Every structure is written in structure tokens, then in C-alpha cells.
**Student:** 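Dropping the structure in here first, questions after.
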Number of protein chains: 2
Amino acid sequence: MLNQTDQLDRMFTALADGNRRAMIDRLSRGDTSVSDMAAPLGISLPAVMQHLAILEDCGLVTSRKVGRVRTCSLDTAALSQAEQWLNQRREYWNQRLDRLGEMLLETSSEKPQNRETKK
Amino acid sequence: MLNQTDQLDRMFTALADGNRRAMIDRLSRGDTSVSDMAAPLGISLPAVMQHLAILEDCGLVTSRKVGRVRTCSLDTAALSQAEQWLNQRREYWNQRLDRLGEMLLETSSEKPQNRETKK
DNA sequence: TGTTTGGTTAAGCATGCACTTAACTATTCT
DNA sequence: AGAATAGTTAAGTGCATGCTTAACCAAACA
């Protein structure tokens, strides 16, 4: 049973490697084959296969084989899942800073006033 | 000399660990001390220190010590850097899908028409 | 002043990760 | 059929990671 923590673990681990990000970068510009992705990386084909397995495992990339060539493509739904996690934390924190700012403002003015959140 | 690739490596590596994400999660709800963060994690204090070092190293968290207690806080600017990387790739890919969709539409209709991108 | 509290350093350990080479399979080209 | 192409599997290596315990320091408290 794989929970969301597990899923994020895999996702961010996948994104933590420069070669894998380069592969994602390449795929963001269009579908491509395994050896095509390997070319600019300067590593062996088996190494690329292993990266691909990791990217597929966390859902960032899908692939299908036709003839002897395997074509890979990016899945942006998975990408946005990681994006959302970051976004939520950032938003939460920023809201907190806003509230703190207001509180300090009220305190420093040293007279009671309405405490509605600004629009 | 540390380039942007290095920076993203560190950032995503930092985010790849569940305990560190839990620490970030905690910090997104307000500044807190080291032992305060350790409490819900069920790991030793030195372990938390090491996670903290990693989070500070990539700029996600800052801390200052006053008296004997060290207070940590989240830096959302760093968070949004990772967010942007993801966003750019996703956007690029989606635009590509849009263009592909249009191309298929034009092809299937089998008559020449204007090929402007839809607003 | 002695003790608790909060944090820090150092050393060691098990596991995981990125990569390699070698050997093999299956498709396509000549 | 034979050679070249595209990918795949297996095994091994070196280094990084996450954690631990033990020992230690300094601020706050009784």
C-alpha cells in the first residue's frame, strides 16, 4: 500500500537528479526515444534505462514500445502534484506572514481599531 | 562555484525526504525550535540537526540562535524556485499538446484554414 | 552551585543510488 | 541470411544518505 508520502518521496527523489531533470526537460519539448534521450547525457544506455524506470515508477513519464524503439512522454498531471505540494506550503506561510504584518501594524499604532483582513 | 543545476539538485534532494517535508510543513505554520520539530518525528535530535543543515544548505530554511534555543523559519522564495522549474516544464508541454491538438484538427478537417493559436 | 534543558559534535553503520561493463534479445536493413 | 540498430538484463563498485549512540557545551533554573 503506497500512501501519498511515498508518492511524494518518489517524485522528489526522481526530480533530485540532474540527468533525470534533463530527460524531463527534453520530454517537455516532445516525445522521444530512449537512445535519443541518452545522447546528450554522456552516460551509458543502461544508466538511462534505470533513470527511465524511476521516472515511470513515480508516474512522471510513460512509455510504449513499437517495433524496437521505445517512445517516452511526459505526464504533466504528476508534475503538478509536486508543484501543488510546494504551492500549498508557500501559500500557507505567506498568509501567516500577512496576518503577522497586520497584527504588528495594529499593535504599533497602539489604539484599538477594526481587525478585518484587507481585501 | 555552484550553478543552478547544483541548487536544484540540493533543493529537490532536500524535498525528497518525508521527515524534512514534515519539518517544512511544520514551519509553514510558524517559526519553531529544533526540539519542537523533533517531537512528532520520532527520531533523535542529532538526526533532526542533520535534516536542518540540509534544509539550510539549500536555502529552504533559515535559523538563528538566541539564548540556548534555535528558532527556524521557512524561506518561501527558495520554495518557489523549485515550483517554477516544475511549472515551466509543465507549461511548455501543455502548450505543445495544444499545438498538436490544433494540428490534428486541421489535418482531419482536410481543408486549409488559418493556423493562429487560439486565444 | 548544581542540575536540568536545548542544542551540538563525532564516529560508526546499514542501506540506497548512479554508474559501469558484459552478455543477450528482438527488430530492421542490405 | 547476416549485419547493424535499439533496447534490455545482470552483476558489481564506490560513494552518499539517514540514522544511531556517546560525549560534550552553554543557558536557565532550583
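Because the structure is predicted, anything quoted here is derived from the model rather than measured. To find a chain, count down the sequence lines: A is the first, B the second, and so on, and within it residues start at 1.
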**Student:** Please list all pairs meeting salt bridge (Lys or Arg N to Asp or Glu O under 4.0 Å) that have one or both residues in residues 30-46 of chain B, counting only residues at least two apart or in different chains.
**Tutor:** Arg26(B)-Asp36(B), Asp31(B)-Arg64(B)
**Student:** Keeping to residues at least two apart or across chains, list the salt bridge (Lys or Arg N to Asp or Glu O under 4.0 Å) pairs with something in residues 48-59 of chain B.
**Tutor:** Arg10(B)-Asp57(B)
**Student:** For Ala53(B), give me all partners under side-chain contact (heavy atoms from CB on, under 4.5 Å), at least two apart in sequence or on another chain.
**Tutor:** none
**Student:** Restricting both atoms to N or O, compile the protein contacts to nucleotides 25-30 of chain C shorter than 3.5 Å, with distance only.
**Tutor:**
residue : atom : partner  : partner atom : Å
dT27(C) : O2   : Arg68(A) : NH1          : 2.9

**Student:** To the nearest 10 degrees, how far apart in direction are the end axes of the helix from dT1(C)-dA30(D) to dT30(C)-dA1(D), each fit to five base pairs?
**Tutor:** 20°
**Student:** Test of understanding: with salt bridge (Lys or Arg N to Asp or Glu O under 4.0 Å), list the residues that count as partners of Arg20(A), not counting sequence neighbours.
**Tutor:** none
**Student:** His51(A) side chain N/O closer than 4.0 Å to the phosphate oxygens (OP1, OP2) of dC19(C)?
**Tutor:** yes
**Student:** If the cut-off is 4.0 Å, is Ser35(B) near the phosphate of dG7(C), judged by side-chain N/O to OP1 or OP2?
**Tutor:** yes
**Student:** Name all residues meeting the salt bridge (Lys or Arg N to Asp or Glu O under 4.0 Å) criterion together with Asp25(B); count only those two or more places apart in sequence or in a different chain, and write none if there are none.
**Tutor:** Arg89(A), Arg29(B)
**Student:** Tell me every residue that passes salt bridge (Lys or Arg N to Asp or Glu O under 4.0 Å) with Arg70(B), counting only those two or more places apart in sequence or in another chain.
**Tutor:** none
**Student:** Checking Asp9(B) now: which residues fulfil salt bridge (Lys or Arg N to Asp or Glu O under 4.0 Å) with it, not counting sequence neighbours?
**Tutor:** Arg21(A)
**Student:** Sequence neighbours left out, what passes side-chain hydrogen bond (donor to acceptor under 3.5 Å, both in side chains) with Ser73(B)? Give chain and number order.
**Tutor:** Thr62(B)
**Student:** Are there any protein N/O atoms within less than 3.5 Å of an N/O atom in nucleotides 20-23 of chain D, and if so, which ones and at what distance?
**Tutor:**
residue : atom : partner  : partner atom : Å
dT20(D) : OP2  : Ser44(B) : N            : 2.9
dT20(D) : OP2  : Ser44(B) : OG           : 2.9
dT20(D) : O4   : Gln50(B) : NE2          : 3.3

**Student:** Under 4.0 Å, heavy atom to any atom of DNA chain C: which of residues 13-33 of chain A qualify?
**Tutor:** Asp17(A), Asn19(A), Arg20(A)
